[in-house]
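See below for the structure under consideration.
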Amino acid sequence: MNENTPRTFDLWIDGKPQQSQSGDTFERRSPFTGAVVGRYANAAAEDSQLAVAAARRAFDSGEWPHSSSRTRHDVLLRVAALVAEQADELADMMVQESGKPITLARGEVQVSVRTFEYYAGLALSDEGSAVTDRNQDALGLVIKEPVGVAGLITAWNFPLLGLVNKAAPALAAGCTVVAKPSHLCSGPSARLAALLTEAGLPAGVFNLVTTDIERGATVGQHLASSLEVDKIAFTGSTESGKAVLRSSATNVKRVSLELGGKSANIVFADADLEDAARTAISAFCFNSGQQCSAGSRLLVQHEVYEQFIELVRKNAELQVLGDPSDPATTMGPLISAEQRDRVLGYVDIGDEEGTLVSGGKDALPENLRESLFLPPTIFVDVASHARLAQEEVFGPVLSVISFTDEQDAIAIANSSRYGLAGGVWTRDITRAFRVVKAVRTGKMFVNSYNTAGIDDMPHGGYKESGFGREFGTSGLEEFLELKTVQIRLT
Ligand code: NAD
C-alpha cells in the first residue's frame with residue numbers, strides 16, 4: 001500500500017458498506033510520517049441507530065442465534081482463514097495507522113487468527129447440562145443462549161485483536177454485534193467487517209460504525225444507553241468505562257469493562273536478575289508503553305536495588321526506535337501528538353517526584369526530536385504514593401520503587417486503584433505463589449511478564465481495572481445467558 005493513496009472505509013450496516021447519513025468523513029494520519037493513511041465514514045448517533053436496528057432485526061429473526069453450532073463453527077473458521085490470508089494487509093494497516101512496529105502487528109494478526117479458531121472450537125464443544133438424578137419424576141436442563149445484541153467499543157492500542165477478542169466469542173455464542181472502534185485506528189476493524197460477511201455471516205449480524213474523536217463518545221454513549229442493545233463489552237480508560245456503566249443502567253444491560261492499569265513488576269533479591277532486567281524493559285516498553293497491562297511500576301528489593309537499576313538502564317539502551325515498518329524497530333512513535341504531550345507531562349511530574357536515570361525528552365537522537373517518539377524513560381526513588389506511581393501514563397515511563405521484604409512489596413503492589421496485572425521474580429516458588437495470591441489483580445506472571453507462552457488465559461481486571469473477562473471459556477460466557485428448564489416426567 002502506497003501512503004500516497006489512503007485506504008477508504010465505509011460503515012458496515014446490514015451486510016454491506018454504507019456512507020454515513022450526513023456523508024461526513026474523517027481522516028487518519030500516520031503518527032510516523034504524518035501522511036493521510038485512511039479516510040473513514042464519520043457516523044453520528046443516527047447511523048448508530050441504523051446499525052443497532054439491523055443487529056436487532058438479525059437477532060430477532062433467529063437465523064444466527066438459533067443456527068446450529070456447526071454453522072457458527074464453520075463461519076468462524078472461514079473468518080480465521082480469511083484473516084490469515086489478509087495478514088500482510090492488516091499488519092500494514094496497523095503499522096500505518098497506529099505506528100505499531102511491524103513485528104508486533106504481525107504477531108497481533110496471528111493471535112487474532114488463533115482466537116477465531118479457538119472460539120470456532122468452543123462454539124462446537126460448549127454445551128449445556130442435564131440434571132437427571134435429583135428427582136426421578138423430573139428432568140432438569142441448563143441451556144445456554146446468546147445474550148442478544150452486543151455493542152463492542154474498543155481502544156486503539158490493539159486495533160485488530162481488541163475487537164477480535166470480543167467479536168469471536170460474541171459470534172460463537174450467537175449474538176449479533178455493533179462494533180465501534182477508536183478513531184485512531186479504525187481500518188483493521190472496518191476490514192474485518194467485510195471479511196466476516198465474505199465468510200458467510202448473515203446480513204445484520206455484524207455491523208460497524210466508525211467515528212472521529214468528537215463523535216466517539218456520542219456514539220459510544222448511544223450504544224451504552226440504547227434499549228435495543230443487551231450487552232456492552234468495552235475497552236478503554238477507567239473514566240470512559242464509568243460513563244458506559246452509568247449509561248448502561250437504562251435497560252440493566254450486561255456490561256464487561258477492560259479498563260486502565262498500573263501494574264507492579266516485583267523483583268526479589270534472589271531472582272535471575274539478568275533475565276528480570278531484560279523483561280522489565282519489554283514489560284513497560286511493549287507497544288511503546290501503550291498497553292493496559294504494562295509493568296509500569298518496578299518494585300526492587302533494597303539489597304539489589306542499585307545493581308538492578310544499572311542492569312535495567314543498560315537493557316533500555318538496546319531498544320531500537322524508528323520506522324515502524326522496519327522489522328528491526330522495537331519501539332514506534334506514540335499514537336498521537338495529544339498522547340505524546342500527555343506522556344511528556346508525566347515526564348515533568350517524574351522530574352519532581354523521582355530521579356531520571358534513562359531516557360527523557362532530551363535523549364532522542366537529532367532526527368527524532370520533532371517526532372512522536374519517547375525512549376524508555378526511567379525514574380528511580382519514586383514514592384509509592386507519588387502521582388507517577390499511581391496514575392496510568394500509557395507511554396514508556398517507568399517508576400522504580402524500593403521495598404524491604406515480601407509484606408512491604410505486597411503492600412506497595414496493592415496500593416493502587418487499579419488491579420489488572422503484575423509480575424513476581426524469585427527462585428522461591430513458595431514465596432512466588434504467596435505473592436501471587438496476595439496481590440489483588442486479574443493476572444500475575446511468575447518469572448515472566450505479559451506472557452509465559454500460554455494463549456487463551458482469561459484476561460481482565462480487579463478494582464478500577466474493570467470486570468468481566470476476555471479470552472478463554474470465560475470470554476464466551478460473557479455473551480451467554482443461562483436458562484434452566486424443569487420438565488415434569490409423571
Ligand atoms: P478511551 O476511553 O478514550 O476510548 C475507548 C473507546 O471508547 C473509544 O472507542 C472511544 O471512542 C470510546 N469512548 C470514549 N468516551 C466514551 C464514552 N463516554 N462513552 C462510550 N464510549 C466512549 O480510551 P483509549 O484512549 O482509546 O484507550 C486507552 C485506555 O484503554 C487506557 O486506559 C488503557 O489502559 C485501556 N485499555 C484497557 C485494556 C484492558 O484489557 N484492560 C486493553 C486496552 C486498553
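Whatever order the structure lists them in is the order used to number ligands and atoms, beginning at 1.
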field: Polar atom proximity, S465 to ligand 1 (N or O, under 3.5 Å)
entry: no

task: Pick whichever of G220, G468, S336 has a heavy atom sitting closest to atom 20 (C) of ligand 1.
output: G220

task: Using a strict 4.0 Å threshold on nitrogen-to-oxygen distance, state whether E464 and R417 make a salt bridge.
output: yes

message: I'd like to know if the side chain of S189 pairs up with that of K180 as donor and acceptor (distance under 3.5 Å, no hydrogens or angles considered).
response: no

query: To which protein heavy atom is atom 7 (O) of ligand 1 closest, and what is the distance rounded to 0.1 Å?
result: F234 CE1, 3.2 Å

- line: With heavy atoms and a 4.0 Å threshold, my read on which part of E239 contacts ligand 1 is neither

message: Taking 4.0 angstrom as the limit and counting only heavy atoms of C292, give me the atoms of ligand 1 inside it, by number and element.
response: 34 (O), 36 (N), 37 (C), 38 (C), 39 (C), 40 (O), 41 (N), 42 (C), 43 (C)

statement: V83 and L192 have their tightest heavy-atom pair at CG2-CD1, 3.9 Å

- prompt: Side chain or backbone of Q291 under 4.0 Å from ligand 1, or both, or neither, by non-hydrogen atoms?
  reply: neither

- request: Please determine if R7 and E89 form a salt bridge, counting it only when a charged side-chain N lies under 4.0 Å from a carboxylate O.
  value: yes

message: I'd like to know if K16 and D10 make a salt bridge, using a cut-off of under 4.0 Å between side-chain N and carboxylate O.
response: no

message: Run D14 and R57 through salt bridge (Lys or Arg N to Asp or Glu O under 4.0 Å) and show every step you take.
response: CA-CA 9 Å; D14 221 0; R57 276 195 307 278; 3.2 Å; yes

- prompt: Which ligand 1 atoms, with their elements, are less than 4.0 angstrom from a heavy-atom of V244?
  reply: 19 (N), 20 (C)

query: Among protein heavy atoms, which lies nearest atom 23 (O) of ligand 1, and at what distance?
result: S237 N, 3.4 Å

- prompt: Taking distance alone, with no angle check, do T238 and ligand 1 share an N/O pair under 3.5 Å?
  reply: no

Ionic contact status for K231 with E478, cut-off 4.0 Å: yes

message: Tell me the contacting part of F158 for ligand 1: side chain, backbone, both, or neither, using a 4.0 Å heavy-atom threshold, strictly below.
response: neither

query: Taking the minimum heavy-atom distance to atom 13 (N) of ligand 1, which of G466, S247, A155, A217 ranks first?
result: A217

query: Under 4.0 Å from any heavy atom of I153, which atoms of ligand 1 are there?
result: 6 (C), 7 (O), 9 (O), 12 (C)

Option whose closest heavy atom lies nearest to atom 31 (C) of ligand 1, chosen from Q221, E338, E392: E392

- request: State whether the number of non-hydrogen atoms from other residues, nucleotides or ligands found under 6.0 Å of I213 atom CD1 is greater than 12.
  value: no

query: Can you list the ligand 1 atoms lying under 4.0 Å from a non-hydrogen atom of N157?
result: 43 (C), 44 (C)

message: Can you tell me which portion of L420 lies within the under-4.0 Å heavy-atom range of ligand 1? Options are side chain, backbone, both, or neither.
response: side chain

query: Does one side chain, of S30 or Q96, offer a donor that lies under 3.5 Å from an acceptor on the other?
result: no

- request: List the steps, then state whether side-chain hydrogen bond (donor to acceptor under 3.5 Å, both in side chains) holds for W425 with T279.
  value: CA-CA 10 Å; W425 293 82; T279 312; over 6 Å; no

message: Only heavy atoms of S182, strictly under 4.0 Å: list the atoms of ligand 1 that pass.
response: 9 (O)

task: Please assess E477 against R469 for the test salt bridge (Lys or Arg N to Asp or Glu O under 4.0 Å), listing each intermediate value before the final yes or no.
output: CA-CA 9 Å; E477 281 155 21; R469 293 293 179 269; over 6 Å; no

Per-atom contacts, ligand 1 versus G260 - under 4.0 Å to a heavy atom: 32 (O), 34 (O)

- request: Any atoms of ligand 1 less than 4.0 Å from a non-hydrogen atom of P181? List them with their elements.
  value: 9 (O)

task: For atom 15 (N) of ligand 1, grab the closest protein heavy atom and report residue, atom and distance to one decimal in Å.
output: S240 OG, 3.5 Å

- prompt: Considering only heavy atoms from C-beta outward, does the side chain of E481 approach that of D230 to under 4.5 Å?
  reply: no

- request: Please work out whether any backbone atom (N, CA, C, O) or any side-chain heavy atom from C-beta onward of L259 is under 4.0 Å from ligand 1, and answer side chain, backbone, both or neither.
  value: backbone

- request: Using atom types as modelled and distance alone, determine if a side-chain donor or acceptor of Q390 lies under 3.5 Å from a backbone N or O of K262.
  value: no

field: Contacting atoms of ligand 1, where contact means under 4.0 angstrom from a heavy atom of A243
entry: 18 (N)

